Engineer: 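Before I ask anything, here is the structure I am working with.
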There are 2 protein chains.
Amino acid sequence: MLTTQRRSLLLERLARDGRLVASDLAAELALSEDTIRRDLRDLAAEGRLLRVHGGALPLSPTHQPMAQRRDMASDEKQALARRAAGLIQPGMTVIVDGGTTHQALIPFLPLDLSCTIVTHSPAFAAALEPFRAVDVILIGGRLFRHSMVATGAVAQEAFSRLRADLCLLGVTGVHPTVGLSTGDAEEAALKTTMLRAAGEVAVLATPDKLGVSSRWVIAQLTALTTLVTVGARPYWLPPHITHLSA
Amino acid sequence: MLTTQRRSLLLERLARDGRLVASDLAAELALSEDTIRRDLRDLAAEGRLLRVHGGALPLSPTHQPMAQRRDMASDEKQALARRAAGLIQPGMTVIVDGGTTHQALIPFLPLDLSCTIVTHSPAFAAALEPFRAVDVILIGGRLFRHSMVATGAVAQEAFSRLRADLCLLGVTGVHPTVGLSTGDAEEAALKTTMLRAAGEVAVLATPDKLGVSSRWVIAQLTALTTLVTVGARPYWLPPHITHLSA
DNA sequence: TTTCATTTTGCACGATATTGCATGAAGCTG
DNA sequence: CAGCTTCATGCAATATCGTGCAAAATGAAA
């Protein structure tokens with residue numbers, strides 16, 4: 001590994017994860033911590049990152065909010081994201097819904113991932129910048145301010161024209177009889193369209209969403225193919241649905 | 001093996017592997033490291049690759065993530081952004097192009113700004129999250145990886161249906177006779193559409209862009225209504241164009 | 001074919017860069 | 001304050017670089 005190449009890698013990792021930890025990097029790259037420290041020192045001297053005790057942070061305020069949100073993201077979300085990242089395989093076309101749970105996926109995706117990601121979340125699309133081999137399709141529309149995703153007729157139309165292998169759907173409720181649901185009518189309608197556009201549908205559900213039903217129904221549970229949770233498989237989950245435990 | 005042939009081989013390897021290691025190549029091609037080094041030095045002098053300690057790396061802009069460019073937000077960009085932020089007034093509908101210069105606008109906008117922003121840059125859209133009174137219209141399409149903005153027929157179509165009061169356009173060249181230009185053909189076509197959709201067109205130009213012409217022309221200077229620069233008004237600027245000095 | 005200028009290549013050698021380790025200072029945590 | 005981690009510095013070993021120089025290869029002219 002060339003020195004310059006390694007430093008570029010560090011910057012990519014910083015852009016992806018929002019932070020760098022010197023000791024982790026040394027272990028992962030099989031180098032001494034001194035070398036990593038020297039890299040961080042020099043990159044900081046070039047104004048490419050902000051050196052802090054124990055590692056480095058981006059100095060661009062653009063990445064700051066996301067880093068903060070990730071820190072607030074619970075361990076549960078982290079675990080779900082780590083488990084779900086494996087669902088995205090090279091060559092696939094994947095629809096990714098908005099929400100902080102899906103944002104947490106980013107650090108667990110390999111930097112050389114080669115696939116097509118379709119999303120109506122500008123934050124998720126922007127976070128995909130370091131993944132050079134990923135083809136990003138941005139779905140436009142009027143941003144729904146609560147969740148910061150594009151909605152409306154334009155987005156509906158775009159998703160309805162699409163065929164994808166997998167849809168990572170964000171919901172606020174997974175209920176044995178009600179099915180998948182969310183709090184906003186227009187969002188629910190859009191999620192229904194997204195779900196129908198994909199062959200497989202996966203939901204990442206923190207415990208507070210299991211057995212819960214929100215006001216607007218997206219689809220019956222039969223539309224789901226994979227459920228990722230932190231604990232054991234819910235007893236009421238239909239047998240044909242794959243369950244992943246994080 | 002002919003010298004020229006060997007150098008072509010090196011470039012192929014570089015494109016395939018993403019890097020070249022001088023010592024490895026010497027062993028593999030049964031040549032001294034000196035010869036490889038000379039090859040790399042000359043190829044670097046021709047601008048075909050980036051020479052680094054131990055070997056070489058590609059210099060394609062794809063390999064320089066925008067995170068790096070963003071970090072180089074110069075004082076000039078800050079000054080331009082501060083001056084240009086006043087162009088966005090309450091109630092307006094504003095088209096905002098991608099690019100780091102426009103990202104720099106964000107800190108200078110009032111948090112209670114009430115207007116409609118139309119953009120094909122997911123990063124800019126995501127950065128508008130704190131502005132609760134701003135209506136954000138996201139233009140979709142396939143993300144052009146160099147500049148991370150949506151492009152293609154979908155984006156063209158969306159912009160062509162739109163009427164806006166102001167367009168903040170990003171360009172790489174402002175030239176007295178050539179006009180506004182940029183480096184990519186598809187981007188140029190899209191920028192032309194964006195410009196035609198707005199009543200007023202403003203360009204924020206750092207000094208390195210003045211008097212410069214890039215490969216693809218967006219429009220004549222007559223299409224411009226406001227030019228923001230850091231220095232004095234360019235003498236060749238047509239009188240009908242407003243000039244703001246930052 | 002021979003001659004000669006030019007280019008290419010390999011080697012030597014001093015200079016510079018990179019890396020890991022040791023040591024003591026500085027920072028963090030409870 | 002005490003224990004631990006992280007950091008900065010100096011140092012030695014190794015790797016890489018640039019330059020000068022001579023041998024070999026190449027190609028054009030005699």
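Letters A, B, ... mirror the listed sequences (proteins, then strands); counts begin at 1. Just so you know, these numbers come straight off a predicted model, no measurement behind them. Hydrogens, waters and symmetry mates play no part in the numbers below; they use all other heavy atoms, side chains included.
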Engineer: Kindly state each residue pair satisfying salt bridge (charged side-chain N to carboxylate O under 4.0 Å, His left out) with at least one member in residues 84-93 of chain A, sequence neighbours excluded.
Structural biologist: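 Sorted result for residues 84-93 of chain A: empty, none.
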Engineer: Angle between the two end axes of the helix from C:dT1-D:dA30 to C:dG30-D:dC1, five base pairs per end, rounded to 10 degrees?
Structural biologist: 40°
Engineer: Give the table of side-chain donor-acceptor pairs shorter than 3.5 Å for residues 21-29 of chain A, with sequence neighbours excluded, one pair per line with atom names and distance.
Structural biologist:
{"unit_1": "A:E28", "atom_1": "OE1", "unit_2": "A:R13", "atom_2": "NH2", "d": "3.0"}
{"unit_1": "A:E28", "atom_1": "OE2", "unit_2": "A:R13", "atom_2": "NH1", "d": "3.4"}
{"unit_1": "A:E28", "atom_1": "OE2", "unit_2": "A:R13", "atom_2": "NH2", "d": "3.0"}

Engineer: For DNA chain C, find the residues of residues 31-39 of chain B with a heavy-atom distance under 4.0 Å and give them by number; none if there aren't any.
Structural biologist: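 Under 4.0 Å from DNA chain C: B:L31, B:S32, B:D34, B:T35, B:R38.
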Engineer: Quick check: does any side chain N or O of A:T225 sit under 3.5 Å from a backbone N or O of A:V201, one acting as donor and the other as acceptor?
Structural biologist: yes
Engineer: Please list, for nucleotides 28-30 of chain C, all pairs of protein and nucleotide N/O atoms separated by less than 3.5 Å.
Structural biologist:
none

Engineer: Restricting to side-chain contact (heavy atoms from CB on, under 4.5 Å), what partner residues turn up for B:A133, sequence neighbours left out?
Structural biologist: B:S114
Engineer: Report the distance from atom CG of A:L20 to atom C1' of D:dT6, rounded to the nearest whole Å.
Structural biologist: 16 Å
Engineer: Under 4.0 angstrom, heavy atoms only, what part of the nucleic acid is A:V21 near: base, sugar-phosphate, or nothing?
Structural biologist: nothing
Engineer: Within this structure, what is the CE-to-C1' distance between A:M1 and C:dT19, rounded to whole angstrom?
Structural biologist: 15 Å
Engineer: Once salt bridge (Lys or Arg N to Asp or Glu O under 4.0 Å) is applied, do any residues pair with A:E200, and if so which ones, sequence neighbours excluded?
Structural biologist: none
Engineer: Between C1' on C:dG20 and CG on A:L29, what's the gap in Å once rounded to a whole number?
Structural biologist: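 Computing the A:L29:CG to C:dG20:C1' distance gives 15 Å.
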Engineer: Choosing from D:dC7, C:dT9, C:dT19, which nucleotide comes nearest the side chain of A:R6?
Structural biologist: C:dT19
Engineer: Figure out the CD/C1' separation between B:Q5 and D:dT26, and round it to whole Å.
Structural biologist: 16 Å
Engineer: Hey, is the side chain of A:T3 poking within less than 4.0 Å of OP1 or OP2 on C:dT19, counting only N and O atoms?
Structural biologist: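 Yes, A:T3 has a side-chain N/O under 4.0 Å of OP1/OP2 on C:dT19.
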Engineer: Between B:A30 and A:T4, which residue's closest nucleotide on DNA chain C lies nearer the 5′ terminus?
Structural biologist: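 Nearest nucleotide further toward 5': that of B:A30.
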Engineer: Which pairs, with at least one residue in residues 206-218 of chain B and sequence neighbours excluded, count as a salt bridge (charged side-chain N to carboxylate O under 4.0 Å, His left out)?
Structural biologist: none
Engineer: Listed by chain and number, what are the salt bridge (Lys or Arg N to Asp or Glu O under 4.0 Å) partners of B:R83, not counting sequence neighbours?
Structural biologist: none
Engineer: For B:R6, what residues pass the side-chain hydrogen bond (donor to acceptor under 3.5 Å, both in side chains) criterion, not counting sequence neighbours?
Structural biologist: B:D39
Engineer: Would you mind reading off the distance between A:L25 atom CG and D:dT5 atom P, rounded to a whole angstrom?
Structural biologist: 18 Å
Engineer: Indicate yes or no for a side-chain donor-acceptor contact from A:R145 to the backbone of B:V134 under 3.5 Å, with no hydrogens or angles considered.
Structural biologist: yes
Engineer: Quick one: which residue pairs count as a salt bridge (charged side-chain N to carboxylate O under 4.0 Å, His left out) with a foot in residues 100-116 of chain A, not counting sequence neighbours?
Structural biologist: none
Engineer: Please list, chain by chain and in numerical order, all residues satisfying side-chain hydrogen bond (donor to acceptor under 3.5 Å, both in side chains) with B:T177, sequence neighbours excluded.
Structural biologist: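 Listed in chain order: B:H175.
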Engineer: Quickly work out the A:R41 CZ to D:dT9 P distance and round it to whole Å.
Structural biologist: 7 Å
